[in-house]
Engineer: 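After the structure tokens below, expect a handful of questions from me.
For the single chain, residues carry numbers from 1 onward in sequence order. Atom set for the values below is all heavy atoms of this structure, side chains included, hydrogens, waters and symmetry mates excluded.
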Amino acid sequence: QKRLKAWTPITKQISKINRPKFSLILASEFYPNPKDSKKPFHDDLVNKPATRQALASIGRSCVQFIVPPQTWQQTGDMNISDFIFPAQSSIKELIWAHSGRIDNVKEKVDKWFSDIAPEDRPKEIIDITVVRKNAGRSSGRLDRTFLPKAIRTNVETGLSEMCFCYEDPETKKITITDWKPFTDALFDIAAISPISLGKSIPERKQRFQEFVDEIISDSVNDKNNPFVMIDSSNCSRLWEWLRDSDININNISINNKQYMQDNWKGAIIVRIREDLAPGIIEDKVKTLAKTYPEDTRTKEELEANENEIIKLSVPSDSKCLYKLDLENETGCMNYISIGRNTLHQNQRGVSCYRQVDQDKFLTTEQIDENGKKTYTKFENKAGLKIKYIEEQKPHIGQWATPNPLEIVVTLRKEQDNPDNIAGFVESLRYGYGHFNEWTKLPAPLFFERVVRDYISAFHLEDDDET
């Protein structure tokens with residue numbers, strides 16, 4: 001509370017600015033220790049959450065933190081060159097992500113639903129999930145402190161709005177907020193304390209299902225043909241129909257109501273689940289034929305000599321959308337989305353735990369008149385490039401790769417193609433103005449991480465526990 005009070009004069013001034021506000025805060029990770037200069041103090045756990053809560057709830061400003069540029073102690077000069085790139089990334093993150101921006105939404109809808117009449121295509125994309133203290137799937141029972149939220153993105157404009165539900169601390173009744181622009185909803189979330197949906201598990205289930213029912217039913221009644229994505233990773237603990245054992249498009253049960261598929265005609269509902277989808281391994285083999293520089297034989301002649309053929313395993317390249325061809329009576333179609341190209345590309349091998357053989361092109365080095373080295377692939381007299389085999393050591397490092405994502409197409413219109421629906425979901429895993437990598441979740445579910453930052457109770461609980 002003292003930290004919030006200290007920010008009050010500044011945040012009140014900021015609140016008077018009558019336009020969208022975005023605050024980029026220079027915040028050091030370590031601070032000088034007056035007693036020992038070699039052992040600086042680490043920034044405490046309350047400082048940044050209290051700052052964000054004050055600026056968001058009082059100043060009505062989005063907030064992003066960045067470490068200041070490095071300063072050389074001897075000269076006092078700042079290392080601006082290494083600061084420019086993270087500064088640009090932070091500004092993009094602040095403006096794009098904290099506004100819930102998604103690029104090219106209409107183009108993607110038109111592409112994947114081109115076989116559907118324009119009036120029957122989705123007019124808005126809705127995501128429903130619960131925001132927990134820790135990201136990802138809960139391994140045990142769902143914590144008591146979580147926030148059910150929904151984001152809807154207008155297909156025509158690309159603008160996102162958000163609403164959420166919680167238990168009013170005074171009346172103890174469920175409060176479902178109105179739809180607000182994404183940033184305004186973030187400010188309201190920052191002011192909520194404590195966060196609760198009810199004391200008992202049955203009460204939390206009933207209220208969550210009431211929230212979902214209202215979100216989907218209102219959109220259907222407004223004839224928006226909603227494209228609804230529900231992250232069942234944790235929601236299945238609050239709505240049993242999302243479980244593998246209960247999901248069935250022939251009987252959608254929610255909030256003590258049966259056969260809701262009749263009420264939700266025109267909607268598309270897709271279940272998203274993370275952390276359980278398996279990776280895909282492809283067994284590939286590369287065939288090589290022995291040759292030498294003076295060899296004039298053609299490729300076909302080399303392949304015909306089986307005695308001089310060797311085979312090597314090659315890396316699997318599972319970068320696409322897979323359909324699981326399973327017979328079931330639920331009417332659901334299952335897919336696995338594997339993340340594709342990432343910003344950082346690394347040379348891959350077939351093994352990370354043992355030494356293997358790998359083929360490489362034989363090259364010749366040439367130096368031009370400017371002293372620049374160039375390398376040319378060596379060819380035999382037949383014009384075929386020559387390779388050599390060398391042992392490759394195990395790769396023990398790591399780099400970021402998107403996790404496989406399970407996509408289950410449930411409720412849909414008769415004319416909808418499940419393959420196109422799954423393809424549309426996968427297309428929402430990339431294409432952000434501020435983020436060049438594939439994301440773990442499709443938009444707008446991806447913005448769950450932004451919402452989590454504004455729930456101050458999550459961060460302040462950490463300080464209480466320590």
Side-chain angles (χ1 to χ4, degrees), residues 102-128 150-160 215-232 247-252 259-273 277 280 318-341 404-432 438-439 441-446:
I102 310 173
D103 295 328
N104 305 319
V105 180
K106 189 176 187 306
E107 289 81 356
K108 291 181 178 181
V109 169
D110 291 342
K111 173 185 175 181
W112 292 102
F113 295 91
S114 59
D115 57 339
I116 304 297
E119 62 271 14
D120 294 329
R121 296 174 189 171
K123 295 180 177 62
E124 61 185 18
I125 303 167
I126 298 177
D127 90 64
I128 300 174
I151 299 175
R152 70 178 182 187
T153 302
N154 186 292
V155 171
E156 195 66 34
T157 64
L159 298 177
S160 295
I215 294 298
I216 299 178
S217 296
D218 286 352
S219 182
V220 171
N221 292 337
D222 291 339
K223 302 186 184 305
N224 287 325
N225 303 325
F227 189 100
V228 183
M229 292 183 289
I230 303 178
D231 185 355
S232 72
I247 193 167
N248 193 318
I249 64 174
N250 300 311
N251 182 12
I252 301 179
Y259 305 106
M260 286 300 290
Q261 67 272 14
D262 297 331
N263 296 55
W264 291 345
K265 289 182 178 180
I268 297 174
I269 299 180
V270 178
R271 187 188 76 174
I272 303 296
R273 186 163 62 180
I280 304 296
S318 305
K319 295 180 180 179
C320 60
L321 181 65
Y322 289 85
K323 180 178 182 179
L324 304 182
D325 191 10
L326 302 174
E327 292 185 6
N328 62 76
E329 298 177 355
T330 66
C332 302
M333 305 296 292
N334 297 64
Y335 300 82
I336 295 178
S337 170
I338 309 292
R340 308 197 183 195
N341 293 335
L405 187 70
E406 181 185 7
I407 301 171
V408 179
V409 179
T410 66
L411 182 65
R412 56 195 182 272
K413 300 184 290 295
E414 185 177 352
Q415 65 268 35
D416 288 329
N417 185 337
D419 294 350
N420 290 342
I421 293 175
F424 174 64
V425 173
E426 186 180 58
S427 74
L428 294 173
R429 295 186 70 187
Y430 62 92
Y432 307 93
W438 275 66
T439 57
L441 292 169
L445 281 169
F446 174 64

Engineer: Begin from the C-alpha positions of Ile102 and Phe446 and carry the test side chain to side chain contact (heavy atoms under 4.5 Å, CB included) through to its verdict.
Structural biologist: CA-CA 10 Å; Ile102 310 173; Phe446 174 64; over 6 Å; no
Engineer: Apply side chain to side chain contact (heavy atoms under 4.5 Å, CB included) to residues Trp112 and Asn417 and explain how you reach the verdict.
Structural biologist: CA-CA 9 Å; Trp112 292 102; Asn417 185 337; over 6 Å; no
Engineer: Give, for atom CD1 of Ile336 and atom OH of Tyr322, the distance between the pair rounded to the nearest 0.5 Å.
Structural biologist: 9.5 Å
Engineer: Quiz question: by atom type and distance under 3.5 Å, do the side chains of Ser219 and Arg152 form a donor-acceptor pair?
Structural biologist: no
Engineer: In a check of side-chain contact (heavy atoms from CB on, under 4.5 Å) between Ile128 and each of Asp231, Ile230, Leu445, which one passes?
Structural biologist: Ile230
Engineer: Taking the side chain as every heavy atom from C-beta outward, state whether Pro418 and Tyr335 have any atom pair closer than 4.5 Å.
Structural biologist: yes
Engineer: Please answer whether the main-chain N or O of Leu405 pairs with a side-chain N or O of Ser337 as donor and acceptor at a distance below 3.5 Å.
Structural biologist: no
Engineer: Verify side chain to side chain contact (heavy atoms under 4.5 Å, CB included) between Met260 and Ser217, making sure each step is shown before the conclusion.
Structural biologist: CA-CA 9 Å; Met260 286 300 290; Ser217 296; 4.3 Å; yes
Engineer: Could you report the tightest heavy-atom contact between Leu428 and Thr439, atom names first, then the distance?
Structural biologist: O-OG1, 4.4 Å
Engineer: For the residue pair Lys123 and Phe113, would you count it as a cation-pi contact if the rule is NZ or CZ under 6.0 angstrom from the ring centre and within 45 degrees of the ring axis?
Structural biologist: no
Engineer: Would you say the side chain of Gln261 lies within less than 4.5 Å of the side chain of Ile249, judging by non-hydrogen atoms?
Structural biologist: no
Engineer: Ile407 and Ala422: which non-hydrogen atoms are nearest, and at how many Å?
Structural biologist: CD1-O, 4.0 Å
Engineer: Is any side-chain heavy atom of Ile268 closer than 4.5 Å to one of Phe424?
Structural biologist: no
Engineer: Find the distance between CG (Asp419) and CG (Leu321) and round it off to the nearest 0.5 Å.
Structural biologist: 8.0 Å
Engineer: Can Ile126 and Asn224 be said to form a side chain to side chain contact (heavy atoms under 4.5 Å, CB included), step by step?
Structural biologist: CA-CA 11 Å; Ile126 298 177; Asn224 287 325; over 6 Å; no
Engineer: Starting at CZ of Arg412, measure out to CG of Asn420 and round the result to the nearest 0.5 Å.
Structural biologist: 12.0 Å
Engineer: Does Asn104 reach the main-chain N or O of Glu107 with its side chain, forming a donor-acceptor pair under 3.5 Å?
Structural biologist: no
Engineer: Would you find a donor on one side and an acceptor on the other, under 3.5 Å apart, between the side chain of Asn248 and the backbone of Asn250?
Structural biologist: yes
Engineer: Test your reading of the model: is there a side-chain donor-acceptor pair from Asp416 to the backbone of Lys413, 3.5 Å cut-off?
Structural biologist: yes
Engineer: So, taking the atom named CE in Met229 and the one named CG in Leu441, what distance separates them when rounded to the nearest 0.5 Å?
Structural biologist: 9.0 Å
Engineer: Over all heavy atoms of both residues, which pair between Val105 and Val155 is shortest? Give the atoms and the distance, please.
Structural biologist: CG1-CA, 4.0 Å
Engineer: Output the distance between atom NZ (Lys106) and atom CG (Asn154), rounded to the nearest 0.5 Å.
Structural biologist: 11.0 Å
Engineer: Report yes if the side chains of Thr153 and Leu159 come closer than 4.5 Å at any heavy-atom pair, otherwise no.
Structural biologist: no
Engineer: How long is the span from the CZ atom in Arg121 to the CD1 atom in Ile116, to the nearest 0.5 Å?
Structural biologist: 8.0 Å
